[in-house]
Amino acid sequence: MQIFDDPRRLRLSGMAAAGADVQPQLRLLMLAEALAAPPTHRALDLSAETAVLCTAASKAVRRRPGWLYVMSSPAPLPVALPRNLWQAAVLCVLRCVLPAGRAVVTLQPGAGAAVAVFRAVSASGMPADTLPLLRRAAALAGGLCLVTGSPVHGHSADAAHPPHFAAALRLPLAIRAPLREPPIAEDLLYDRYSPVQVLLDGFTV
């Protein structure tokens with residue numbers, strides 16, 4: 001678990017060392033940190049970051065192949081965003097299609113911007129932080145976020161019209177910003193306290 005100097009993480013680290021299950025509290029802390037993340041001058045390659053994150057997530061959860069489809073950009077998409085914010089936003093979208101839904105994630109360039117589109121079908125329940133995280137990412141990058149969909153908690157939904165939602169983000173490219181290396185999928189997969197394991201807790205193997 002990353003500790004840094006945050007007393008909340010130090011407390012959770014001590015609890016974990018004593019054998020306590022800290023995943024629920026750590027999940028809340030990660031989401032709060034993501035929503036409060038300040039602007040950054042460093043850029044993420046959203047295409048590579050998202051591909052690695054989705055690869056780790058698809059291997060971590062108890063699902064048959066085909067529940068997640070990712071289309072990455074062939075070209076880098078540097079966007080000035082905090083990594084923890086983008087990871088939390090993507091993982092919250094994926095969480096809302098578990099355990100039985102489907103998700104499609106596409107990353108493409110578009111007129112000086114990265115265009116990220118998320119489609120979630122048969123979402124069993126959207127985490128409350130999903131939309132705020134997506135909108136926060138758009139605001140920090142100076143971009144736009146558009147969201148549409150039907151209720152995700154069963155209201156006015158049936159088998160023929162399952163709950164769903166879609167979100168599209170247009171995020172300006174930060175071509176001159178220093179580019180961070182993407183994480184390694186195996187690190188996200190095998191670290192018990194990685195964002196993948198914590199934010200998808202309850203669905204991971």
J.: Would you say Leu26 and Phe203 are hydrophobically clustered, going by side-chain heavy atoms of ILVMFWY under 4.5 Å?
T.: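 Yes, Leu26 connects to Phe203 through the hydrophobic network.
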J.: Could you check Leu94 against Phe118 for side chain to side chain contact (heavy atoms under 4.5 Å, CB included), going step by step and ending with a plain yes or no?
T.: CA-CA 9 Å; Leu94 300 186; Phe118 301 93; over 6 Å; no
J.: I'd like to check the side-chain hydrogen bond (donor to acceptor under 3.5 Å, both in side chains) partners of Thr50; sequence neighbours left out, ordered by chain and number.
T.: Trp86
J.: I'd like to check the side chain to side chain contact (heavy atoms under 4.5 Å, CB included) partners of Pro109; sequence neighbours left out, ordered by chain and number.
T.: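 Side chain to side chain contact (heavy atoms under 4.5 Å, CB included) check on Pro109 returns Ser73, Leu77.
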J.: Could you check whether any side-chain heavy atom of Arg27 comes within less than 4.5 Å of a side-chain heavy atom of Val198, counting everything from C-beta outward?
T.: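 Sidechains of Val198 and Arg27: in contact.
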J.: Answer whether the closest heavy-atom distance between the side chains of Phe165 and Val121 falls below 4.5 Å.
T.: no
J.: With sequence neighbours left out, which residue pairs that include part of residues 70-89 fulfil the salt bridge (charged side-chain N to carboxylate O under 4.0 Å, His left out) condition?
T.: Glu49-Arg83
J.: Please say yes or no: joined through hydrophobic side-chain contacts below 4.5 Å, possibly via intermediate residues, are Leu131 and Val93 part of one cluster?
T.: yes
J.: Specify the closest pair of heavy atoms between Val196 and Ala57, including all atoms of both residues, with the distance to one decimal.
T.: CG1-CA, 4.1 Å
J.: Rounded to the nearest 0.5 Å, what's the gap from OG1 on Thr204 to CZ on Arg63? Could you check?
T.: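 Here the interatomic distance stands at 14.0 Å.
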J.: Between side-chain atoms of residues 168-187 and protein atoms elsewhere (two or more places apart, or another chain), which donor-acceptor pairs fall under 3.5 Å?
T.:
from: Arg170; atom 1: NH2; to: Ala111; atom 2: O; distance (Å): 2.9

J.: Checking one residue: Leu189. Which other hydrophobic residues are in its cluster under the side-chain 4.5 Å linking rule?
T.: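 Leu189 clusters with Tyr190.
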J.: Indicate yes or no: at least one non-hydrogen side-chain atom of Gln87 is less than 4.5 angstrom from one of Leu188.
T.: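 Yes; the side chains approach each other to less than 4.5 Å.
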J.: Test: salt bridge (charged side-chain N to carboxylate O under 4.0 Å, His left out). Region: residues 130-148. Which pairs qualify, not counting sequence neighbours?
T.: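 Sorted result for residues 130-148: empty, none.
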J.: Could you tell me which residues satisfy side chain to side chain contact (heavy atoms under 4.5 Å, CB included) with Ala166, sequence neighbours excluded, listed by chain and number?
T.: Arg119, Thr148
J.: For Ala88, check side chain to side chain contact (heavy atoms under 4.5 Å, CB included) against everything at least two apart and list the hits.
T.: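 Side chain to side chain contact (heavy atoms under 4.5 Å, CB included) check on Ala88 returns Leu31, Ala34, Leu133, Leu199.
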J.: For Val104, which fellow cluster members are found when Ile, Leu, Val, Met, Phe, Trp and Tyr are connected by side-chain heavy-atom distances below 4.5 angstrom, either directly or through intermediates?
T.: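 Val104 shares its hydrophobic cluster with Tyr69, Met71.
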J.: So, do Val205 and Val61 sit near enough that their side-chain heavy atoms are less than 4.5 Å apart?
T.: no
J.: Through direct or indirect side-chain contacts below 4.5 angstrom among Ile, Leu, Val, Met, Phe, Trp and Tyr, which residues connect to Val117?
T.: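 Listed partners: Val115.
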J.: Using a 4.5 Å cut-off on heavy atoms from C-beta on, say whether the side chain of Cys54 contacts that of Leu68.
T.: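 Heavy-atom side-chain distance check passes, below 4.5 Å.
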J.: What distance separates Cys96 SG from Leu91 CG, expressed to the nearest 0.5 Å?
T.: 11.5 Å
J.: Kindly give the heavy-atom pair with the smallest separation between Leu81 and Thr40, and that separation in Å.
T.: C-CG2, 3.4 Å
J.: Would you say the side-chain atoms of Ser58 pair up with the backbone N or O of Thr55, donor to acceptor, closer than 3.5 Å?
T.: yes
J.: Is there side-chain contact between Val90 and Val105, with at least one heavy-atom pair below 4.5 Å?
T.: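 Of all side-chain heavy-atom pairs linking Val105 with Val90, none is under 4.5 Å.
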J.: Give the minimum heavy-atom separation between Leu140 and Pro38, together with the two atoms involved.
T.: CD1-O, 4.0 Å
J.: Can Leu44 be reached from Leu144 by stepping across I, L, V, M, F, W or Y side chains whose heavy atoms are under 4.5 Å apart?
T.: no
J.: How long is the span from the CE atom in Met30 to the SG atom in Cys92, to the nearest 0.5 Å?
T.: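 SG of Cys92 is found 11.5 Å from CE of Met30.
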J.: Check whether any side-chain heavy atom of Val147 sits under 4.5 Å from a side-chain heavy atom of Cys145, and report yes or no.
T.: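 A side-chain contact exists here, since the closest heavy-atom pair is under 4.5 Å.
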J.: Taking only residues two or more places apart in sequence or in another chain, which ones pass side chain to side chain contact (heavy atoms under 4.5 Å, CB included) with Leu28?
T.: none
